[in-house]
Structures are given as C-alpha cells and as structure tokens.
Colleague: 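Have a look at this one before I ask anything.
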Amino acid sequence: MNVLGIETSCDETACSIVSDGRKVLTNTIASQIDIHAKTGGVVPEVAAREHVVHMIPVLDECLSESGLGWDEIDALAITRGPGLVSSLIIGTETANVISYLKKKPLIPVQHILGHIYSNWLEVEEEIEFPVLILTVSGGHNELVLMRGHGDFEVLGETRDDAAGEAFDKVARLLGLGYPGGPVISRVAENGSASAYKLPRAWLDKGSLDFSFSGLKTAVLDLVKKEGRSDDQFKADVAASFQEAVVEVLAGKLKRAVDANPEVKEVHLAGGVSANLRLREVCGEKFENIKFRFPKKISYCTDNAAMIACAGYHLYDKEKHGVSNVVPTTSFAL
Ligand code: KG4
Ligand code: ZN
C-alpha cells in the first residue's frame, strides 16, 4: 500500500510516499530555515506564504521522483495538528482537494503521532510492544507508553517549554542563530559541560513531567552576570546547557522504563532526537533493552514520511474504534 504524506505544520513544506509503512520511496522537503534564520525564529505569516509558494512544486517533485502515477497511490495522509494554524491550512486544503479530485481516502494524522512513527521508517524487523517513547521537538515534549498501534498513554509532558524550544531560545540569547539545536551541539564540542552549574528541574518525586523554562532563565542570568560574548564562553555555556537538558531527558526516560518493566523497546523521536549527546547518554542507560532513534536525521525533524507511515498504520483502524491521537493535554488538537 502506497501512502502519500503531506506535512506543513511549521516551517517545512514536505511530501513523501511510503510503501507499506516502511519503505520510503521519496521524501521531498522545502525548508524555510534560511528565511527564518534572519528573524531568529519562525514568523507564522511568512511561513504560511512560503508554504503557498512551495506546496505544489514539492508535491510534483515528490511524485515524479517516485515514478508512480496517481493510480498507484492508495491513500493520502495529512498532518492535522498541532502546529501553526496558518501553515497547517495550506497542507490540509491541498490534501482535501487532491482527495476529492483523485478519489483517494484521506487520513488525518496528529503531528506527535507522526514523530512516534518515524522509528518505523526503513526498519525491516517487527517492532516489539510495549514501546516507551521520548518524543521531543520545538513544539512538544512527551513520554509516551505505546502498548500497540492506537494504544497510547502519556506518562509525562512539559509543563512549560519543550526542550527544542529551550535550545532555540538559548542559541538566540548567545547570538548563535536558528535553529538552535544543531548550532548549540556544534558549538558545545569546543566547550566544557562542567564549566557552569545549571539547574536540572526534576520536579516532584517520581514525576515524569518536564520543565525547561527555569534553565533558560538561568542561562539568561548567567550571560548577564558574566557580560562575555567570546567564543570560549559561548562554547562553555552551550555545553553546560546541553548537558543539563540531556541529563533530565535521559534521566526521566530511564525513570519511566524502570517504572514499566514490561517495556520491550525505548525510542527517541522528534527534532531533538537528532542530538548526538542525547543518543550517547541514552545508549549508555539502555544497554540491555532495544534502543532506537530514527534511521536518518531527516526523519527526526519535521518530514512527511513519518506522516505517511502513521497514516498507513491508522488506515481503516478508526472504523474499529482505535484511537488516532496521542492523548496529550499540552495542545489543542
Ligand atoms: O520536530 P521538529 O522539526 O519540529 C517540531 O515539531 O517542533 O523539531 C525542531 C526542533 C528545534 O527546536 C531544533 O532546535 C531541535 O528540534 N533540534 C535539535 C537538534 N536538531 C534539531 N535539538 C538539539 N540537538 C539537535 N541536534
Ligand atoms: Zn515536529
């Protein structure tokens, strides 16, 4: 079964065709990073206009690269949210029109669910349930226990900023540019993670929730107090900040696995799962359990292959009462 996925929830216009929820035939993305780098973050109006410009060319390129015709596409999958409303609407309207004209079933996919399914892409073997997933990006930060397709329990989520958002804000504070995650981890390579003592918000005893706003404020106070902007200072702050985030993310993930000993696999997903230090620390903690992160960096950050993959697994299931959302409380769905 070939599913064509479309994703426009933030600043990537993306289309992908995935066969049987695994094989990625094409994965086409028009990124707006260069445009948003000028403003240090995404301006929703600008993002929406860029989606209008790129939507049809990206769709055309995706189809022609796959070598498939419309008659070989079995269904469409579209990100329904959460995300920027003015961006989402470009993808959803496009998908609605194609679905109507080409008479294809349209599967709405929650964005967070899409990130979760990024770990199914290009994986040959069967993934064993239950799976514990830390899905963490610029817009969300959740610990999800997945007992099977459509069976999700949110064990913890952020009470304020998502980790990716903290990376972006700290990078901006240090004058490092956008997006923050990749640049902070690059700069951190020249710094010392123990240079500055930054807070770790473990919250109440046993809590699996997250909070990163205090850490962000601590970095702001540190930058003001030190009054420095040289490269070594930036590298040391970046490394100390990254270590604080990684320690909390990996620590909470471990706490969740210990509390659910039936778990067979541990997965990282979302833009922050591209972080090499996070992968390394989690790899050390989960030596005795199957530990996965997406096969490519382009499957960590927003993409349409994960939406097509989730769409494949959801197809036909709603009729049987299977839930198609991660029941998070952080977002309006
Ligand atoms: O999943 P994503 O593309 O979009 C959302 O759904 O939000 O995630 C984007 C986020 C950004 O905040 C970006 O700074 C972060 O993922 N990110 C990283 C890395 N690469 C991207 N954070 C830490 N380390 C990275 N290497
Ligand atoms: Zn995302």
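Only heavy atoms go into these numbers, but all of them, side chains included; no hydrogens, no water, no symmetry mates. As the structure is a computational prediction, the values presented were derived from the model and not from experiment. Each ligand, and each atom within it, is numbered from 1 in the order the structure gives. Along the sequence shown, the residues carry numbers beginning at 1.
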Colleague: Using heavy atoms and a threshold below 4.0 Å, how should the contact between Ser185 and ligand 1 be classified: side chain, backbone, both, or neither?
Modeller: side chain
Colleague: Just by distance, with hydrogens left out, do Glu7 and Thr79 show a side-chain donor and acceptor under 3.5 Å apart?
Modeller: yes
Colleague: Ligand 1 and Pro179, any nitrogen or oxygen pair closer than 3.5 angstrom?
Modeller: no
Colleague: Could you tell me whether the side chains of Asn2 and Ser19 share a donor-acceptor contact shorter than 3.5 Å?
Modeller: yes
Colleague: Within the distance-only criterion (no hydrogens, no angle test), does the side chain of Arg200 pair as donor or acceptor with the backbone N or O of Leu198 below 3.5 angstrom?
Modeller: yes
Colleague: Do Arg228 and Phe233 meet the cation-pi criteria used here (NZ or CZ under 6.0 Å from the six-membered ring centre, within 45° of the axis)?
Modeller: no
Colleague: Tell me every residue that passes side-chain contact (heavy atoms from CB on, under 4.5 Å) with Asp34, counting only those two or more places apart in sequence or in another chain.
Modeller: none
Colleague: Between Gly41, Gly181, Pro82, Ala163, which one has a non-hydrogen atom sitting closest to atom 18 (C) of ligand 1?
Modeller: Gly181
Colleague: Check this for me - ligand 1, Gly271, N or O atoms closer than 3.5 angstrom, yes or no?
Modeller: yes
Colleague: Tell me whether Lys296 at atom NZ has more than 12 heavy atoms from other residues, nucleotides or ligands lying less than 6.0 Å away.
Modeller: no
Colleague: Less than 3.5 Å between some nitrogen or oxygen of His111 and one of ligand 1, yes or no?
Modeller: yes
Colleague: Report the part of Asp168 (side chain from C-beta onward, or backbone N, CA, C, O) that has a heavy atom under 4.0 Å from ligand 1; answer both or neither where that applies.
Modeller: side chain
Colleague: Using a strict cut-off of 4.0 Å, indicate which atoms of ligand 1 neighbour a heavy atom of Thr301.
Modeller: 3 (O)
Colleague: What do you reckon, does Gly270 have a nitrogen or oxygen under 3.5 Å from a nitrogen or oxygen of ligand 1?
Modeller: no
Colleague: Just to verify, which of Asn303, Asp302, Thr135 counts as forming a side-chain hydrogen bond (donor to acceptor under 3.5 Å, both in side chains) with His115?
Modeller: Asp302
Colleague: Is a side-chain donor-acceptor pair under 3.5 Å present for Ser211 with Asp160?
Modeller: yes
Colleague: Measuring centre to centre across the rings, with the benzene-like ring taken for any Trp, is Phe241 within less than 6.0 Å of Tyr196?
Modeller: no
Colleague: What's within reach of the Zn ion (ligand 2), meaning protein N/O/S atoms under 2.8 Å?
Modeller: His111 NE2, His115 NE2, Asp302 OD1
Colleague: Side-chain contact test, heavy atoms from C-beta onward, threshold under 4.5 Å: evaluate it for Val18 versus Val3 and give yes or no.
Modeller: no
Colleague: Assess the residue pair Glu126 and Arg22 against the criterion (salt bridge (charged side-chain N to carboxylate O under 4.0 Å, His left out)); give the C-alpha distance rounded to whole Å, side-chain angles, the decisive distance to 0.1 Å, and a yes or no.
Modeller: CA-CA 11 Å; Glu126 285 303 317; Arg22 278 194 177 135; 2.9 Å; yes
Colleague: Go through ligand 1 atom by atom and flag the ones less than 4.0 Å from a non-hydrogen atom of His115.
Modeller: 1 (O), 6 (O)
Colleague: Specify side chain, backbone, both or neither for Glu12, according to which of its non-hydrogen atoms lie closer than 4.0 Å to ligand 1.
Modeller: neither
